Amino acid sequence: MNVAKSGYRVFSANSTAACTELAKKITERLGVELGKSVVYQESNRETRVDVKESVRGQTIFIIQTIPRDVNTAIMELLVMAYALKTSCAKNIIGVIPYFPYSKQCKMRKRGSIVCKLLASMLAKAGLTHIITMDLHQKEIQGFFSFPVDNLRASPFLLQYIQEEVPDYRNAIIVAKSPSAAKRAQSYAERLRLGLAVMHGEAQCSESDMADGRHSPPCVRNTSGHPGLELPLMMAKEKPPITVVGDVGGRIAIIVDDIIDDVEDFVAAAEILKERGAYKIYIMATHGLLSADAPRLIEESAIDEVVVTNTVPHEVQKLQCPKIKTVDVSMILAEAIRRIHNGESMAYLFHD
């Protein structure tokens, strides 16, 4: 494809080489060259973007993978989008496989919905469309004032299970918390496998604190309002971890959208081992793998962690050979091609 006549450009907004690998794979599949630009940090850590070619009247796709330094990556994306906007680009489409701050999509007591703030910032910077993958909550799409295509990584992970997991017919899909049961059910139905759900005290990190249900006091307080008595709010008490479903003598496959701090996954793997599972796999779209995650995985009962390349994690793979990667550049490249050609995106969402 002749880049000069194609009517669109593909840029990478990352300043680090490790984060541009996905962008290079996407452009190779599209048969175009990566746009000429320079993204770097000044000595005072300010982000600087220089676009080295004309983008007037063009449709621009900005590919931004999110490394550990999340806030720097966000600023790189915002500054590049604004630079392209002021250079008279026709449309600016962000390709953000892992959307940052997606876990902060609910009100936490007196906190803020940071994901909504980020959506507003991207619109203000000049983005007119976003392509992303497996948002933490589908409702996040409602935060944006422009179209959002939320692609699925599940076809690639399902294919990995069928081709790389020996005797996968003897497996059972496991949700490590009730909130992950819907995703796990989808995998189980497509693979024609059984489903198990874990619940108990180890799954109290996010869902309990998300909407402020712990904030009302546990005692009646009628000071200032005599005659007003609110019902007593009982404190929650979670039972010990329980597995609903038989995992004995089976391969346990835990599925989730994000694997970051792995303590919950390690604890779940220990319980599954105790209940008789002889192999344990973890499948997740976004492998953030922060802090000591590689070491904890290596020392745990987990046999393999399979993630996609929406987030760069080459360093973590060197530290832990149990971590495997599935390439999703094909579906991102096809989404770019279809959007540019005005074709339907429905094919990419078919079962």
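What you see is a predicted model; the values in this text were computed from it and never measured. Values reported hereafter were calculated over all heavy atoms of this structure, with side chains retained and with hydrogens, waters and symmetry mates removed.
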Item checked: Salt bridge flag under 4.0 Å for residues Arg48 and Glu42 -> yes
Notebook entry, point to check: Going from CD1 on Ile331 to CD1 on Ile336, what distance comes out if it is rounded to the nearest 0.5 angstrom?
Noted result: 11.5 Å
Note to self: Are Pro321 and Glu298 packed together at the side-chain level, in the sense that at least one heavy-atom pair is separated by less than 4.5 angstrom?
What the structure shows: yes
Note to self: Quick check: do Val70 and Tyr101 have side-chain heavy atoms less than 4.5 Å from each other?
What the structure shows: yes
Notebook entry, point to check: Under 3.5 Å, side chain of Glu270 to main-chain N/O of Ala267, donor-acceptor pair present?
Noted result: no
Item checked: Stepwise ring-ring contact (aromatic ring centres under 6.0 Å, His included) check, Phe99 with Phe144 -> CA-CA 13 Å; Phe99 194 80; Phe144 294 86; 5.5 Å; yes
Notebook entry, point to check: Does Asp69 come within less than 4.0 Å of Arg45, counting only side-chain N to carboxylate O?
Noted result: yes
Notebook entry, point to check: Can Asp134 and Thr308 be said to form a side chain to side chain contact (heavy atoms under 4.5 Å, CB included), step by step?
Noted result: CA-CA 11 Å; Asp134 282 344; Thr308 71; over 6 Å; no
Item checked: Nearest-0.5 Å distance that lies between atom CG in Leu30 and atom OH in Tyr8 -> 4.0 Å
Check: With sequence neighbours left out, what residues match Phe156 under ring-ring contact (aromatic ring centres under 6.0 Å, His included)?
Finding: none
Note to self: Working to the nearest 0.5 angstrom, can you tell me the gap between Leu157 CG and Thr285 OG1?
What the structure shows: 5.5 Å
Margin query: Would the distance check show the side chain of Arg275 and the main-chain N or O of Gly248 forming a donor-acceptor pair, the cut-off being under 3.5 Å?
Written below: no
Notebook entry, point to check: Is atom OH of Tyr82 surrounded by more than 12 heavy atoms (other residues, nucleotides or ligands) closer than 6.0 Å?
Noted result: no
Next item on the list: Identify which one of Arg29, Glu334, Lys24, Lys25 satisfies the side chain to side chain donor-acceptor pair (under 3.5 Å) criterion when paired with Ser329.
Entry: Arg29
Check: Which heavy atom in Met345 sits nearest to a heavy atom in Ala335, and how many Å separate them?
Finding: CE-CB, 3.7 Å
Check: According to a 4.5 Å side-chain heavy-atom criterion applied to Ile, Leu, Val, Met, Phe, Trp and Tyr, with indirect links allowed, do Val55 and Val38 form part of one hydrophobic cluster?
Finding: no
Note to self: Check this for me, if you would: do Glu164 and Lys324 make a salt bridge, where the nitrogen-to-carboxylate-oxygen distance has to be below 4.0 angstrom?
What the structure shows: no
Notebook entry, point to check: Do the side chain of Arg250 and the main chain of Gly276 share a donor and acceptor less than 3.5 angstrom apart?
Noted result: no
Note to self: What I want to find out is whether Glu304 reaches Lys279 closely enough, with some N-O distance under 4.0 Å, to be called a salt bridge.
What the structure shows: no
Check: Which value, rounded to the nearest 0.5 Å, describes the distance between Leu127 atom CG and Lys85 atom NZ?
Finding: 10.0 Å
Next item on the list: Please confirm whether the backbone N or O of Lys182 pairs with a side-chain atom of Ser186, one donor and one acceptor, at under 3.5 Å?
Entry: no
Check: With a 4.5 Å heavy-atom cut-off, do Ile258 and Ser102 have their side chains touching?
Finding: yes
Next item on the list: Answer yes if Met133 and Phe349 sit in the same cluster of Ile, Leu, Val, Met, Phe, Trp and Tyr residues linked by side chain heavy atoms under 4.5 Å apart, and no otherwise.
Entry: yes
Check: Taking atom CG of Asp292 and atom CG of Asp261, what is their separation to the nearest 0.5 Å?
Finding: 9.5 Å
Next item on the list: Find out if a path of hydrophobic residues (ILVMFWY) with successive side-chain heavy-atom gaps under 4.5 Å connects Leu289 to Val315.
Entry: no
Note to self: To the nearest 0.5 Å, what is the distance between CZ on Arg9 and CD1 on Ile60?
What the structure shows: 6.5 Å
Checklist line | Lys273 side chain near Ile280 side chain, heavy-atom distance below 4.5 Å | finding: yes
Next item on the list: Following the transitive rule for hydrophobic clusters with a side-chain heavy-atom cut-off under 4.5 Å over Ile, Leu, Val, Met, Phe, Trp and Tyr, establish whether Tyr40 and Ile66 coincide in one cluster.
Entry: no
Check: What is the minimum heavy-atom distance between Pro100 and Leu118, and which atoms define it?
Finding: O-CD2, 3.6 Å
